[in-house]
Amino acid sequence: MSENDDLSVMVYAGVRETTQFQSIPASVQSNAGHPGGVIDLTRHYQGIDTRWTHRDTLLSIPVTLTGGLDYETMTERRKGYENFTVSDGVTHYGDQGNLRRNERNLTDKLSLDAGMRFSTVNFDSNDFYVRPGNGDDSGNARYCKWLPAASLKYAFDPSWNAYLSAGRGFETPTINELSYRSDGQSGLKPATSDTLEIGSKKRIGNGTGQCGAVPDRYPG
């Protein structure tokens, strides 16, 4: 795109076909719910990945910023057959027999979102009131933290899902807290928090119902 900007787009698609004969006795496969001893699987997957990269400098420090969007899907057609045939009362193993399973599977019920944020806050103080017995209190402070977050969601149906989310946060001292400490000292540390939430959401009529649990995990 330019000397400092790159744009990349990747499109992919593929097909995987698998046929596998398993060593399962015919007596076990006689159960009505058994999928059979032969696996016949056809899987289709495809997606697109876009990525933009910008290179620059910040206070003479080289900085690279990358962002993008990724989308992918997968579907599979899974069939199962008996791994035997019967002819004139004789069981012949190793032959594909009667159909015992036929389903189409999608992956849109389960989704995972994750991210990482880097936060930095800088304080700089210049003391103009320097007198005998009251020294120069000028100084600076820098607070920085990597903050990960992730969420796993499973959709039972279009209106009902269950989720598990976790994240980390931090809060820096305010200017007033740094300026008016009771002990007259500086060097306050930021407050940090770790959050874990488990819950479920369901759309009922025109509203949304939610229930969940948030453990009390907020160490200072």
Side-chain angles (χ1 to χ4, degrees), residues 1-16 43-74 107-130 134-155 161 163-199 212 214-220:
M1 298 176 62
S2 69
E3 182 179 353
N4 296 325
D5 294 274
D6 296 331
L7 178 64
S8 64
V9 179
M10 179 180 67
V11 180
Y12 60 91
V15 179
R16 178 189 177 192
R43 178 175 293 163
H44 294 263
Y45 56 92
Q46 53 277 321
I48 181 172
D49 181 274
T50 61
R51 188 168 300 180
W52 166 68
T53 302
H54 176 72
R55 293 173 295 276
D56 210 328
T57 58
L58 179 63
L59 300 178
S60 300
I61 300 175
V63 174
T64 300
L65 176 65
T66 302
L69 296 174
D70 177 73
Y71 177 77
E72 60 182 340
T73 62
M74 184 189 73
T107 59
D108 58 348
K109 289 182 176 294
L110 188 65
S111 62
L112 173 64
D113 297 305
M116 178 72 72
R117 185 182 72 184
F118 178 75
S119 294
T120 179
V121 180
N122 296 291
F123 292 93
D124 185 70
S125 177
N126 297 307
D127 187 4
F128 299 112
Y129 187 80
V130 180
N134 187 348
D136 188 355
D137 294 322
S138 299
N140 58 74
R142 180 173 181 263
Y143 303 94
C144 57
K145 195 80 170 178
W146 287 99
L147 305 173
S151 175
L152 182 65
K153 183 183 71 173
Y154 181 80
N161 66 64
Y163 63 90
L164 170 66
S165 62
R168 175 169 294 175
F170 90 125
E171 182 180 357
T172 65
T174 66
I175 294 179
N176 286 341
E177 289 172 332
L178 292 174
S179 301
Y180 296 99
R181 287 192 55 178
S182 58
D183 56 7
Q185 302 297 318
S186 59
L188 281 176
K189 295 182 178 180
T192 61
S193 64
D194 293 319
T195 303
L196 177 66
E197 183 175 357
I198 303 173
V214 183
D216 187 11
R217 297 178 55 206
Y218 294 94

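Put simply, the side chain of P148 reaches to within 4.5 Å of the side chain of R168, judged on heavy atoms. Using a 4.5 Å cut-off on side-chain heavy atoms (C-beta onward), E72 and Y45 make no contact. When side chains are defined from C-beta on, Y163 counts as touching E197, because their heavy atoms get closer than 4.5 Å.
Every residue two or more places apart in sequence or in another chain was checked for a ring pair (Phe, Tyr, Trp, His ring centres under 6.0 Å) with Y71, and none qualifies.
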Do any side-chain atoms of residues 3-11 form donor-acceptor pairs under 3.5 angstrom with protein atoms, and if so which ones, sequence neighbours left out?
residue : atom : partner : partner atom : Å
D5      : OD1  : W52     : NE1          : 3.1
D5      : OD1  : H54     : ND1          : 2.8
D5      : OD2  : S2      : OG           : 2.8
D5      : OD2  : H54     : ND1          : 3.4
D6      : OD2  : R55     : NH1          : 2.9
D6      : OD2  : R55     : NH2          : 3.3

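Annotation for T172 and P190: closest pair CA-CB, 4.1 Å, computed over non-hydrogen atoms. Across all their heavy atoms, C144 and F118 have their closest contact at CB-CZ, 3.7 Å. Annotation for D127 and V130: closest pair O-CG2, 3.8 Å, computed over non-hydrogen atoms.
With 3.5 Å as the limit, one finds a donor-acceptor pair spanning the side chains of D136 and S138.
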Could you walk me through whether R51 and T53 pass the side chain to side chain donor-acceptor pair (under 3.5 Å) test, one step at a time? CA-CA 7 Å; R51 188 168 300 180; T53 302; over 6 Å; no
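Here H44 contributes atom NE2 and R16 contributes atom CZ; the two are 13.0 Å apart, rounded to the nearest 0.5 Å. D56 contributes atom CG, which lies 12.5 Å from atom CD1 of I61 (distance to the nearest 0.5 angstrom). Note that the OG atom of S119 and the CH2 atom of W146 stand 10.0 Å from one another [nearest 0.5 Å]. How far CG of L152 is from CG of L164: 6.5 Å, rounded to the nearest 0.5 Å. The distance from atom CD1 of I198 to atom OG of S165, rounded to the nearest 0.5 Å, is 9.0 Å.
Surrounding OH of Y12 are more than 12 heavy atoms belonging to other residues, nucleotides or ligands, all under 6.0 Å away. The neighbour count for L112 CG, taken as heavy atoms of other residues, nucleotides or ligands under 6.0 Å away, is above 12. At most 12 heavy atoms of other shown residues, nucleotides or ligands fall within 6.0 angstrom of atom CD in E171.
Formation of a donor-acceptor pair under 3.5 Å by the S151 side chain with backbone atoms of D113 is not found in this model.
Between Y143 and F123, the angle of the ring planes goes over 60°, which puts this pair in the perpendicular group of the 30/60° scheme.
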